[in-house]
Protein chains: 2
Amino acid sequence: MMTEHPQRRTTRQRTAIGEFLAHAGDFRTAQQIHEQLRMGGDRVGLATVYRTLQSMAEGGEVDTVRTADGESAYRRCTTSGHHHHLVCRSCGRTEEIMAKAVEAWAATIAAQHGFTDVTHDVELYGLCARCGATSTR
Amino acid sequence: MMTEHPQRRTTRQRTAIGEFLAHAGDFRTAQQIHEQLRMGGDRVGLATVYRTLQSMAEGGEVDTVRTADGESAYRRCTTSGHHHHLVCRSCGRTEEIMAKAVEAWAATIAAQHGFTDVTHDVELYGLCARCGATSTR
DNA sequence: GTCTTCATGAGAATGATTATCGATCACAAC
DNA sequence: GTTGTGATCGATAATCATTCTCATGAAGAC
Ligand SMILES: [Zn+2]
Ligand SMILES: [Zn+2]
Ligand SMILES: [Zn+2]
Ligand SMILES: [Zn+2]
């Protein structure tokens, strides 16, 4: 299959981004990461943040989602395999979801319609317990 | 609740876009619609296409998805209620999917984690029977 | 240390989407 | 049919996330 990562050098910038993601609990956009690294004193170029996140995503080191307004957000998940997310629309808190049932459903539906090589996109959005209570006004 | 559409005037442009979508079977981006309307002789401004699609989406007249590279694509679906899609990655052919099971699953998972006011995003992508056969090369 | 090659970053370029704002048009009332 | 008025249009400028360029810096191998 030849899917070896050629050779990824461990640079100061790549390390900084990796550690940032390790501590941030929820999804962050490239712009947010860039700004926060700057504020933290790390000198990292915006282009580098984009490039690094992209390569991390390819390598499966981070997960990606699209925000409502189309921006890409990244997160280092603790679950290693394929999974989905339950994201708080208000504070961003994220729960990782594994659902064999959904995987099976997707495969079945696809087969019924004659589709092959199927992938899926499944994300849940809502208000977490804390935010839901607050917004009760 | 007051969700009345104030007053949507039937203009030449709005009609053209509506009919275009009625005949196109799959998802199309605003840019594609604009270009194809132009080629068909309809004089419609790009800004108008964007505005119209947005208002149609709000009114539930069309469904929206994000393409892999972040563009919004629109489609007039035959199913009236909430549903999902199974899209061919190669030719764009689209099947509408209704899945009570998934709706229930989403609600359950959300509740288990204390989330409320939950919505979800569920789309399947694959190769349709025709495209899958062709690419067997 | 030297060398080869990849990574970086400031700034320009791209490209989709949105905002402007005067000109036009839909349509309800006469 | 005319008219009044406010919604709609559209050419174009403005936004803004993301990508590209390319000269310079730094990893890693020997
Ligand atoms: Zn929350
Ligand atoms: Zn899955
Ligand atoms: Zn196909
Ligand atoms: Zn659903």
Side-chain angles (χ1 to χ4, degrees), chain A residues 2-21 24 26-59 61-75 92, chain B residues 2-21 27-59 61-75 92:
Chain A
M2 272 304 301
T3 314
E4 303 302 321
H5 300 180
Q7 63 272 35
R8 224 111 247 185
R9 295 181 177 177
T10 34
T11 67
R12 170 175 59 76
Q13 295 85 342
R14 194 178 184 84
T15 303
I17 295 172
E19 292 196 341
F20 177 86
L21 285 173
D26 43 20
F27 283 95
R28 301 293 173 86
T29 67
Q31 308 265 359
Q32 291 174 335
I33 295 171
H34 176 248
E35 187 189 330
Q36 299 199 37
L37 281 178
R38 281 265 157 127
M39 296 200 309
D42 282 301
R43 179 168 303 296
V44 180
L46 180 55
T48 299
V49 175
Y50 274 102
R51 270 187 303 239
T52 303
L53 288 173
Q54 224 170 257
S55 91
M56 285 180 164
E58 283 168 12
E61 297 175 58
V62 300
D63 276 17
T64 308
V65 301
R66 290 270 184 183
T67 68
D69 38 68
E71 297 173 61
S72 296
Y74 303 84
R75 177 175 195 265
Chain B
M2 270 305 298
T3 316
E4 302 302 321
H5 299 179
Q7 61 273 35
R8 222 115 246 181
R9 295 184 174 177
T10 34
T11 67
R12 172 175 58 77
Q13 294 85 342
R14 195 178 184 84
T15 302
I17 294 171
E19 291 196 340
F20 177 86
L21 285 173
F27 284 94
R28 301 294 173 86
T29 68
Q31 308 263 359
Q32 291 173 335
I33 295 172
H34 176 248
E35 187 189 330
Q36 299 199 37
L37 282 178
R38 281 266 157 126
M39 294 200 310
D42 283 300
R43 178 167 303 295
V44 181
L46 179 56
T48 299
V49 175
Y50 275 104
R51 270 188 303 240
T52 303
L53 288 173
Q54 223 169 258
S55 91
M56 284 179 164
E58 284 169 12
E61 298 173 59
V62 300
D63 276 16
T64 307
V65 299
R66 291 269 184 183
T67 67
D69 38 67
E71 298 173 60
S72 296
Y74 303 84
R75 178 177 194 264

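Reminder, nothing fancy here: chain letters follow the sequence lines and each chain counts from 1.
Distance CG (B/D69) to C1' (D/dC20): 17 Å, rounded to an integer number of Å. Across the protein-nucleic acid pair, A/R66 atom CZ and D/dA17 atom C1' stand 10 Å apart, rounded to whole Å. For A/L46 and D/dT19, the CG to P distance is 10 Å, given to the nearest whole Å. In this structure, CZ of B/R43 is placed 17 Å from C1' of D/dT8, rounded to the nearest angstrom. As a whole-Å value, the separation of B/L53 CG from C/dA16 P is 15 Å. The NE2-C1' distance, from B/H34 to C/dA16, rounds to 13 Å in whole Å. D/dA17 atom C1' lies 13 Å from atom CD of B/E71, rounded to whole Å. The separation between A/Y74 atom OH and D/dT18 atom P is 7 Å, rounded to whole Å.
The pair A/E61-A/R14 meets the salt-bridge criterion, since a charged nitrogen lies less than 4.0 angstrom from a carboxylate oxygen.
Judged by distance alone, the side chains of A/Y50 and A/Q31 do bring a donor and an acceptor atom under 3.5 Å apart.
OP1 or OP2 of C/dA16 has not a single side-chain nitrogen or oxygen of B/S72 nearer than 4.0 Å. Taking side-chain N and O atoms only, B/Q13 has a distance below 4.0 Å to OP1 or OP2 of D/dG10. Note on A/Q54: every side-chain N or O is 4.0 Å or more away from OP1 and OP2 of D/dT18. Considering only side-chain N and O atoms, B/T11 lies under 4.0 angstrom from the phosphate OP1 or OP2 of D/dC9. Proximity of B/Y50 to the phosphate of C/dT17: a side-chain N or O atom is located under 4.0 Å from OP1 or OP2.
Nucleic acid contact class of A/Q32 (heavy atoms, under 4.0 Å, all strands): none. Within the 4.0 angstrom heavy-atom criterion, only backbone atoms of the sugar-phosphate kind lie near A/T10; the bases stay farther away. B/R12 comes within 4.0 angstrom of the backbone, heavy atoms only, and of no base.
Considering all non-hydrogen atoms of both residues, A/T64 and A/S72 come closest at CG2-CB, 4.3 Å. Closest approach of B/V44 to B/V49, counting heavy atoms only: CG1-CG2, 3.8 Å.
Across C/dA7, D/dC9, C/dT17, the shortest atom-to-atom separation from the side chain of B/R51 is found for D/dC9. In this structure, of D/dG28, C/dG9, C/dT17, it is D/dG28 that holds the atom nearest to the side chain of A/R9. Distances from the side chain of A/A47 to the nucleotides C/dA19, C/dG9, D/dA17 place C/dG9 closest.
Here the side chain of B/R75 pairs no donor or acceptor atom with the backbone of B/V65 at under 3.5 angstrom.
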